[in-house]
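Working notes, structure below.
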Amino acid sequence: MGRPSRALLSREIIAAAALDLVDRDGPGALTMRALADRLGVKAASLYNHVAGKDELLDALAELVNAEIDLTPLDDPDRRAGLAAYARGYRAVFLRHPHTIALLARRRVEAGRQLLTYDALLAALVRAGLDPADAAETAAALDYLVLGSALETFTAGFARDAADYRPGYPALADALEASASRGPGLDDRGFELALRLLLAPI
């Protein structure tokens with residue numbers, strides 16, 4: 001019998017399966033045993049490609065960050081390019097919100113993560129910020145993007161706006177007024193914060 005035409009497992013295949021598992025079942029579902037079951041192998045086989053959970057999370061970070069489009073950062077219209085980058089960054093984590101809990105508070109080690117931050121910081125400096133202000137703006141952008149991908153403001157208010165009026169009239173007024181503008185309060189809130197953040201640039 002000949003050898004298989006490609007390896008049954010690789011770091012990339014394992015990372016893709018981990019992302020599928022997290023997207024479907026949430027961050028708590030990601031264990032080496034569950035991942036091995038998903039791939040149809042023994043857990044020990046995974047350790048030939050990833051040394052352990054930390055290395056697996058680095059591979060997951062690499063995969064997710066590879067979806068972030070960096071090309072808007074080269075736009076000669078610096079503010080427009082940074083805004084387009086931020087929207088694309090948010091779109092990635094809206095597709096993979098469960099990864100935020102796994103990745104947001106970890107060290108930044110994956111090559112694609114480092115490349116992304118380097119490209120963003122270089123774009124902010126080209127836009128006229130000094131390196132310290134660029135670092136603070138990049139941090140603020142992270143908070144905005146990841147926070148808005150993790151939390152939906154509107155889902156917290158499940159009742160009709162009128163139901164809040166007896167005890168919380170300002171809340172009812174705001175929800176009703178926002179609804180009159182159509183759906184998309186979360187997106188409008190993100191765009192407002194993004195405009196404020198990029199205003200000095």
Side-chain angles (χ1 to χ4, degrees), residues 3-73 82 85-124 131 134-153 155-156 186 190 193-194 197:
R3 294 171 61 87
S5 60
R6 68 179 179 86
L8 296 177
L9 284 182
S10 68
R11 182 183 169 96
E12 293 73 22
I13 289 169
I14 292 168
L19 181 57
D20 287 343
L21 182 62
V22 171
D23 283 346
R24 188 189 68 189
D25 297 332
L30 184 60
T31 66
M32 299 302 268
R33 177 171 291 187
L35 185 55
D37 288 347
R38 186 172 183 83
L39 289 164
V41 299
K42 299 290 187 186
S45 301
L46 301 178
Y47 293 100
N48 294 321
H49 304 277
V50 290
K53 187 77 172 279
D54 274 345
E55 195 171 313
L56 174 61
L57 291 176
D58 285 342
L60 185 63
E62 190 80 27
L63 190 62
V64 173
N65 279 268
E67 294 185 29
I68 301 172
D69 184 7
L70 303 182
T71 57
L73 296 175
L82 287 162
Y85 161 80
R87 291 182 193 110
Y89 179 9
R90 179 175 181 244
V92 168
F93 281 95
L94 285 171
R95 285 195 300 274
H96 307 296
H98 293 311
T99 65
I100 297 171
L102 294 171
L103 303 179
R105 300 185 73 87
R106 299 187 76 243
R107 72 202 193 296
V108 176
E109 288 292 339
R112 181 61 191 226
Q113 280 181 299
L114 293 166
L115 175 65
T116 298
Y117 281 113
D118 190 67
L120 172 60
L121 290 163
L124 290 167
E136 291 172 8
T137 301
L141 190 61
D142 259 10
Y143 306 147
L144 173 60
V145 167
L146 297 178
S148 70
L150 184 63
E151 180 187 20
T152 167
F153 181 83
D186 289 326
F190 172 78
L194 186 60
L197 179 60

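Keep in mind that the numbers below use all heavy atoms, side chains included, and drop hydrogens, waters and symmetry copies.
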Tell me whether Lys53 at atom NZ has more than 12 heavy atoms from other residues, nucleotides or ligands lying less than 6.0 Å away. yes
Can you tell me if CZ on Arg105 sees more than 12 non-hydrogen neighbours from other groups inside 6.0 Å? no
Any donor and acceptor pair, going by atom type alone, linking the side chain of Asp118 with main-chain N or O of Leu114 inside 3.5 Å? no
Taking the side chain from Asp58 and the backbone from Ala110, do they hold a donor-acceptor pair closer than 3.5 Å?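 Here the side-chain-to-backbone pair does not exist.
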If you round to the nearest 0.5 Å, how far is OH of Tyr89 from OG1 of Thr116? 8.5 Å
Rounded at 0.5 Å granularity, tell me how far CG in Leu144 sits from CZ in Arg90.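 Reported value, rounded in 0.5 Å steps: 8.0 Å.
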Closest approach of [X] to [Y] (non-hydrogen atoms, all atoms of both residues):
X	Y	result
Phe153	Asp186	N-OD1, 2.9 Å
Val64	His96	CG1-CD2, 4.4 Å
Leu124	Ala134	CD1-O, 3.4 Å
Leu94	Ala149	CD2-CA, 3.8 Å

Check the pair Val50, Met32 against side-chain contact (heavy atoms from CB on, under 4.5 Å), reporting the backbone distance first and the verdict last. CA-CA 10 Å; Val50 290; Met32 299 302 268; 3.8 Å; yes
By salt bridge (Lys or Arg N to Asp or Glu O under 4.0 Å) - contacts of Arg24 (at least two apart):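 For Arg24 there are no salt bridge (Lys or Arg N to Asp or Glu O under 4.0 Å) partners, ignoring immediate neighbours.
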So that I can tick it off, tell me whether Arg95 and Asp23 are bridged by a salt bridge, with the cut-off set at under 4.0 angstrom between side-chain N and carboxylate O. no
Salt bridge between Glu62 and Arg11, side-chain N to carboxylate O under 4.0 Å?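 Looking at Arg11 together with Glu62, the answer is no, because their closest N to O distance does not fall below 4.0 Å.
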Taking only residues two or more places apart in sequence, or in another chain, which ones meet Ala119 in a side-chain contact (heavy atoms from CB on, under 4.5 Å)? Leu70, Leu73
Under the side chain to side chain donor-acceptor pair (under 3.5 Å) rule, what do Tyr117 and Asn65 come out as? Steps first, then yes or no, please. CA-CA 10 Å; Tyr117 281 113; Asn65 279 268; over 6 Å; no
